[in-house]
Visitor: 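Take a look at the following structure, please.
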Number of protein chains: 2
Amino acid sequence: MRLFADQGFEQTTVAEIAETAGLTERTFFRHFGDKREVLFAGQDDFLQLFIDPIDAAPAATAPYELIARSLASAGDFFPNERRAYSRARAAIIAAEAALQERELSKLAMLKLRLGEVLRERGIGEPAATLAAEIGVMVFHLSFQQWIAAGERRSMAQIAQERLAALTALVTQ
Amino acid sequence: MRLFADQGFEQTTVAEIAETAGLTERTFFRHFGDKREVLFAGQDDFLQLFIDPIDAAPAATAPYELIARSLASAGDFFPNERRAYSRARAAIIAAEAALQERELSKLAMLKLRLGEVLRERGIGEPAATLAAEIGVMVFHLSFQQWIAAGERRSMAQIAQERLAALTALVTQ
DNA sequence: GTCTATAGTGCGATAGAC
DNA sequence: GTCTATCGCACTATAGAC
């Protein structure tokens, strides 16, 4: 992160990263499948925040309500103290198309996982996939707003507002 | 496409592609920013199909209705004759994570462009971005269903059904 | 069109942890 | 004694500079 922030992602070689970390290039690639992956690894607990409230919900809970709970829970990953760090990381990603691609890819994986969890609850198609897509989409848009300049509201609050806006949009 | 289908995307070198096309490697990269791009270039008319019906709609048309018209129009890009080709292309993309990433990236660009068009009509935020996200998301899921084994319905029909399912999901 | 830097892979050797 | 982390080295393809 320090190297990327100072000189840019593209301008930083894997050799530099490895040296800074006191390792060899070969070892870097043992831990990370590619150079971009170093910015996205270790998001397992983040994923779990989406899933836990779904697992904990009563069996009859409607998909929409599950998504709302999932979003509220995911907000815990982004307390106010994390905002500065998230902004710095987002700036690095925003500066490089290759990193934006990887971010979209990670969000797509989250969608797939969420869809699975919903289907395991007996929610059918296309509802399960649609609910997963909506949940992750609202999360993503909310996150972008959360790190916007001057924004002070919490992630959970923004997400709730965005989900309501989506509902309003669809029911015009 | 032929080379990718026969031996896989990763196993096909740019040198091979260039030679097959009767060009040099350097010329390939002059036309395409990177190797993956060759599978995604020239989608401008596709993009326009989303935008045209929005431009043509009466000023007071609600965002949801705009999206519905956009989806109906985009369906024209996928007549039944195109289905076999789309399946073959999708199979190539599905076999390679790097290509799936690029596809998501292209869809994200489409979202951005659609959002712009909606804002130019005076639709505010977050409605414009949400509508664009919903439109492209429904398109993407519908496309995946359209190329699913045994599926015979038209793109427009599937998209309409998916959009209705989304509405039902959110309004329960 | 030529040249070169860098990402990423395959295989093997070594050292330490349990 | 097996398992895992690191390293060394040779090699190829992409991609960019000039």
Side-chain angles (χ1 to χ4, degrees), chain A residues 1-48 88-110 112, chain B residues 1-44 88-110 112:
Chain A
M1 283 267 309
R2 218 180 312 129
L3 289 169
F4 294 158
D6 289 350
Q7 36 183 337
F9 177 82
E10 185 75 35
Q11 285 65 41
T12 305
T13 67
V14 172
E16 270 180 287
I17 302 170
E19 197 192 0
T20 304
L23 298 169
T24 66
E25 219 174 313
R26 195 66 191 82
T27 303
F28 175 93
F29 282 115
R30 190 188 154 77
H31 285 276
F32 309 103
D34 60 35
K35 185 182 163 188
R36 291 177 284 163
E37 195 62 17
V38 74
L39 269 170
F40 297 91
Q43 299 184 330
D44 295 346
D45 43 350
F46 166 63
L47 171 72
Q48 205 54 42
R89 182 171 172 283
I92 292 171
I93 294 170
E96 207 80 39
L99 293 175
Q100 295 170 52
E101 276 194 353
R102 178 56 51 85
E103 184 163 59
L104 290 172
S105 170
K106 291 293 178 181
L107 289 169
M109 289 182 209
L110 173 55
L112 287 179
Chain B
M1 285 269 309
R2 218 180 313 128
L3 289 170
F4 294 158
D6 289 350
Q7 36 184 341
F9 177 82
E10 184 75 35
Q11 284 66 41
T12 305
T13 67
V14 173
E16 270 180 288
I17 303 169
E19 196 192 2
T20 304
L23 300 168
T24 67
E25 219 174 315
R26 191 65 190 81
T27 304
F28 175 92
F29 281 114
R30 197 184 306 280
H31 285 277
F32 308 104
D34 60 33
K35 183 182 164 188
R36 291 178 284 163
E37 196 63 18
V38 74
L39 269 170
F40 296 92
Q43 299 185 330
D44 295 346
R89 182 172 171 282
I92 292 171
I93 292 171
E96 207 79 39
L99 293 174
Q100 295 170 53
E101 277 196 351
R102 178 55 52 86
E103 184 164 58
L104 290 173
S105 170
K106 292 293 179 183
L107 290 169
M109 289 183 210
L110 174 55
L112 288 179

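Only this structure's heavy atoms are used, side chains among them; waters, hydrogens and symmetry mates stay out.
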Visitor: Rounding to an integer number of Å, can you tell me how far A:Glu37 CD sits from C:dA7 P?
Guide: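 Result: 15 Å.
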Visitor: Rounded at 0.5 Å granularity, tell me how far CZ in A:Arg2 sits from CD in A:Gln7.
Guide: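 Reported to 0.5 Å precision, the distance equals 11.5 Å.
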Visitor: If you compare all heavy atoms of B:Gln100 against all heavy atoms of B:Ile93, which two are closest, and at what distance to 0.1 Å?
Guide: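 Of all heavy-atom pairs spanning B:Gln100 and B:Ile93, the closest is CG-O, 3.4 Å.
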Visitor: Please identify each residue that fulfils ring pair (Phe, Tyr, Trp, His ring centres under 6.0 Å) with A:Phe32, with sequence neighbours left out.
Guide: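 With neighbours one apart ignored, the set is A:Phe28.
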Visitor: Using a cutoff of under 3.5 Å, can you pull out all pairs of nitrogen or oxygen atoms linking the protein to nucleotides 13-16 of chain D, with atom names and distances?
Guide:
residue: D:dT14; atom: OP1; partner: B:Val14; partner atom: N; Å: 3.2
residue: D:dT14; atom: OP1; partner: B:Lys35; partner atom: NZ; Å: 3.4
residue: D:dT14; atom: OP2; partner: B:Val14; partner atom: N; Å: 3.3
residue: D:dA15; atom: OP2; partner: B:Lys35; partner atom: N; Å: 2.8

Visitor: Apply ring pair (Phe, Tyr, Trp, His ring centres under 6.0 Å) to A:Phe9 and list each qualifying residue two or more places apart in sequence or on a separate chain.
Guide: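 With sequence neighbours excluded, A:Phe9 shows a ring pair (Phe, Tyr, Trp, His ring centres under 6.0 Å) to A:Phe4, given in chain and number order.
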Visitor: Just the atom pairs and distances: protein N or O near nucleotides 3-6 of chain D's N or O, under 3.5 Å.
Guide:
residue: D:dA5; atom: OP2; partner: A:Arg30; partner atom: NH2; Å: 2.8
residue: D:dT6; atom: OP2; partner: A:His31; partner atom: NE2; Å: 2.4

Visitor: Which pair of non-hydrogen atoms, one from B:Arg89 and one from B:Leu39, has the smallest distance, and what is that distance?
Guide: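 Here B:Arg89 and B:Leu39 meet closest at NH2-O, 2.8 Å.
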Visitor: Going by the salt bridge (charged side-chain N to carboxylate O under 4.0 Å, His left out) test, which pairs reach into residues 93-105 of chain A, not counting sequence neighbours?
Guide: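 The answer is A:Asp34-A:Arg102, A:Glu37-A:Arg102, A:Glu101-B:Arg36, A:Glu101-B:Arg102, A:Arg102-B:Glu101.
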Visitor: Looking at residues 93-101 of chain A, who's got a heavy atom less than 4.0 Å off DNA chain C?
Guide: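 The stretch gives none, as no residue of it lies under 4.0 Å from the strand.
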Visitor: May I have the distance from A:Gln7 (atom CD) to C:dT6 (atom C1'), rounded to whole angstrom?
Guide: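 For the pair A:Gln7 CD and C:dT6 C1', the rounded distance is 14 Å.
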Visitor: If every non-hydrogen atom of B:Thr12 is compared with every non-hydrogen atom of B:Lys35, which pair is closest and at what distance?
Guide: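 Closest heavy-atom pair between B:Thr12 and B:Lys35: O-NZ, 2.7 Å.
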Visitor: If you count heavy atoms of other groups shown closer than 6.0 angstrom to CD of A:Glu19, is the number above 12?
Guide: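 12 or below, so no.
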Visitor: With a 4.5 Å heavy-atom cut-off, do B:Glu25 and B:Ile17 have their side chains touching?
Guide: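 SC-SC contact between B:Glu25 and B:Ile17 ruled out.
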Visitor: What closest approach, in Å, do B:Leu104 and A:Ala108 show between heavy atoms, and which atom pair accounts for it?
Guide: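 Closest pair (atom of B:Leu104, atom of A:Ala108, distance): CD1-CB, 3.6 Å.
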